[in-house]
K.L.:
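Structure in structure tokens, see below.
Residue numbers count from 1 along this sequence. Counting starts at 1 for both ligands and their atoms, in listed order.
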Amino acid sequence: MVVTQLPRFHYLVFKNPPPSFKFFPKPKVPIKSTASTLFSAPKSTLSTAEPIPITDFSLPDEPKLEISLDKLFVPPETQVSCDDSSLSTRILKGSNIVLSKYARDAQVVQAEFVKSSVRTEDCPSDGLPEFALVGRSNVGKSSLLNSLVRRKRLALTSKKPGKTQCINHFRINDSWYLVDLPGYGYASAPQELRTDWGKFTKDYFINRSTLVSVFLLIDASIPAKKIDLEYASWLGQKQVPMTLIFTKCDKRKKKKNGGKRPEENVKDFQELICGFFQTVPPWIMTSSVTNQGRDEILLHMAQLRNYWLKH
Ligand code: GDP
């Protein structure tokens, strides 16, 4: 069954005890981990013979996304089971994310640029939860930020000279932050500068106690890039909570030209990074051209945020 409409709120019937979710949310005290514990950690034992169809944005003649139960991101206090016939309606469109009772207050009604910081210590200190957007330069980060807040030029602030290397905070609804981090992988930037950005961004990831999740943007219109895989694996090794945002999913390469469809690139990326994570990271397919995935990102952020605030 493939559903076309998703109900926004769900009260779930629990049949099984919940699996453990070490990845959600980030403990409020930064944690240090060794690669060995992560790599040897057992994966979820959930399994199902039947893959679950996921509503996606494929054209009618293309195969639908299917996902097995053990590849779902199941928020805490939420249960899934193989014999739950409504499960596919509880998965956010074009993603592996199961909705939880915390998915509410997702709308953006107000957005304002607050400040640019060059060090983690200089970031806002009001304790509001935040989500950081990061990705290779040109991945579509500014376009996504503008689409999330429904403003054409808000993210231009981060592109102004002097601000591209900063941690840029945007306050949403006076209650949480979207944080624009410097893009990585600028071929033209001097090596020294590239390393420096990496250093302060990593410091922010590890020491920013109000960071709920990093949203790592990956271009789904091209095959996985080494630098993106390295970034994802670093976040995995440091146990920094991460959501993968696949961008440019509207760009469909023709098979005959040797290009892969976004769905295929998304699947390949999952397979390449799965060894780095204890539990499957959440992912969402998006396009800033069609606004695909916009509401899903906001709902995912809302459920992460509401859970984080409560615990
Ligand atoms: P940034 O450098 O990561 O901030 O990337 P931008 O948001 O400036 O986008 C880089 C380029 O990709 C621009 O030409 C955008 O128009 C294009 N782009 C961004 N998002 C999408 C998308 O979802 N689909 C398509 N087809 N193009 C996009």
Side-chain angles (χ1 to χ4, degrees), residues 56-59 62 65 92-95 108 111 113 116 131-170 172 177-190 193-194 197-198 200-201 204-205 213-232 235 242-255 257 259-266 269 283-298 300-301:
D56 68 350
F57 300 85
S58 310
L59 299 172
E62 290 181 346
L65 277 179
L92 281 172
K93 227 178 193 178
S95 86
V108 171
F113 171 70
S116 292
F131 300 94
L133 303 182
V134 69
R136 214 158 25 80
S137 77
N138 221 37
V139 70
K141 187 157 54 72
S142 312
S143 310
L144 183 79
L145 182 56
N146 288 330
S147 144
L148 288 175
V149 298
R150 291 190 198 269
R151 294 259 293 273
K152 284 214 170 99
R153 300 165 71 80
L154 192 69
L156 271 186
T157 317
S158 310
K159 292 210 158 178
K160 282 188 188 152
K163 305 237 164 136
T164 52
Q165 300 164 45
C166 295
I167 304 168
N168 295 304
H169 275 77
F170 297 87
I172 311 296
Y177 288 107
L178 270 175
V179 182
D180 192 9
L181 294 176
Y184 55 83
Y186 272 111
S188 55
L193 256 186
R194 278 188 258 166
W197 298 344
F200 92 67
T201 313
Y204 165 86
F205 289 146
S213 179
V214 173
F215 279 56
L216 176 62
L217 275 58
I218 305 293
D219 187 341
S221 68
I222 53 170
K225 292 255 186 205
K226 188 165 166 262
I227 194 166
D228 292 332
L229 294 168
E230 283 169 0
Y231 220 99
L235 291 169
M242 177 193 76
T243 299
L244 289 170
I245 300 296
F246 291 102
T247 62
K248 308 191 185 182
C249 291
D250 58 286
K251 284 176 112 177
R252 295 182 176 277
K253 297 236 165 55
K254 290 272 182 312
K255 264 274 181 211
N257 296 338
K260 288 197 171 183
R261 286 190 300 265
E263 296 78 12
E264 294 172 282
N265 289 326
V266 166
F269 199 89
W283 55 263
I284 307 178
M285 294 175 68
T286 72
S287 160
S288 301
V289 171
T290 63
N291 277 335
Q292 168 187 344
R294 178 188 179 277
D295 294 345
E296 287 71 19
I297 292 180
L298 292 174
H300 175 57
M301 285 179 170

K.L.:
Compute the shortest N/O to N/O distance between G140 and ligand 1 and return yes if it is under 3.5 Å, no if not.
P.N.:
yes
K.L.:
Does S143, backbone or side chain, put an N or O under 3.5 Å from an N or O of ligand 1?
P.N.:
yes
K.L.:
Go through I167 and L181 one step at a time and tell me if the side-chain contact (heavy atoms from CB on, under 4.5 Å) criterion holds.
P.N.:
CA-CA 5 Å; I167 304 168; L181 294 176; 3.8 Å; yes
K.L.:
Report yes if some N/O of D250 lies less than 3.5 Å from some N/O of ligand 1; otherwise report no.
P.N.:
yes
K.L.:
Tell me the contacting part of T286 for ligand 1: side chain, backbone, both, or neither, using a 4.0 Å heavy-atom threshold, strictly below.
P.N.:
neither
K.L.:
Assess, by modelled atom type and distance only, whether the side chains of Y177 and N168 contain a donor and an acceptor separated by less than 3.5 Å.
P.N.:
no
K.L.:
Is there a donor in the side chain of H300 and an acceptor in the side chain of T243, or the other way round, less than 3.5 Å apart?
P.N.:
yes
K.L.:
Run the numbers for me: atoms of ligand 1, each under 4.0 Å from some heavy atom of V289, listed by number.
P.N.:
22 (C), 23 (O), 24 (N), 25 (C), 26 (N)
K.L.:
Would T247 count as a polar contact of ligand 1, with the cut-off being nitrogen or oxygen pairs under 3.5 Å?
P.N.:
no
K.L.:
Indicate, as side chain, backbone, both or neither, the part of K251 found under 4.0 angstrom from ligand 1 when only non-hydrogen atoms are considered.
P.N.:
side chain
K.L.:
Quick check: do F205 and V134 have side-chain heavy atoms less than 4.5 Å from each other?
P.N.:
yes
K.L.:
Kindly say whether I227 contributes a backbone atom to a donor-acceptor pair with the side chain of R136 at under 3.5 angstrom?
P.N.:
no
K.L.:
A side-chain contact here means heavy atoms from C-beta on lying under 4.5 Å apart; do F269 and F246 qualify?
P.N.:
yes
K.L.:
Return a yes/no value for S288: is any of its N or O atoms, backbone included, closer than 3.5 angstrom to an N or O of ligand 1?
P.N.:
yes
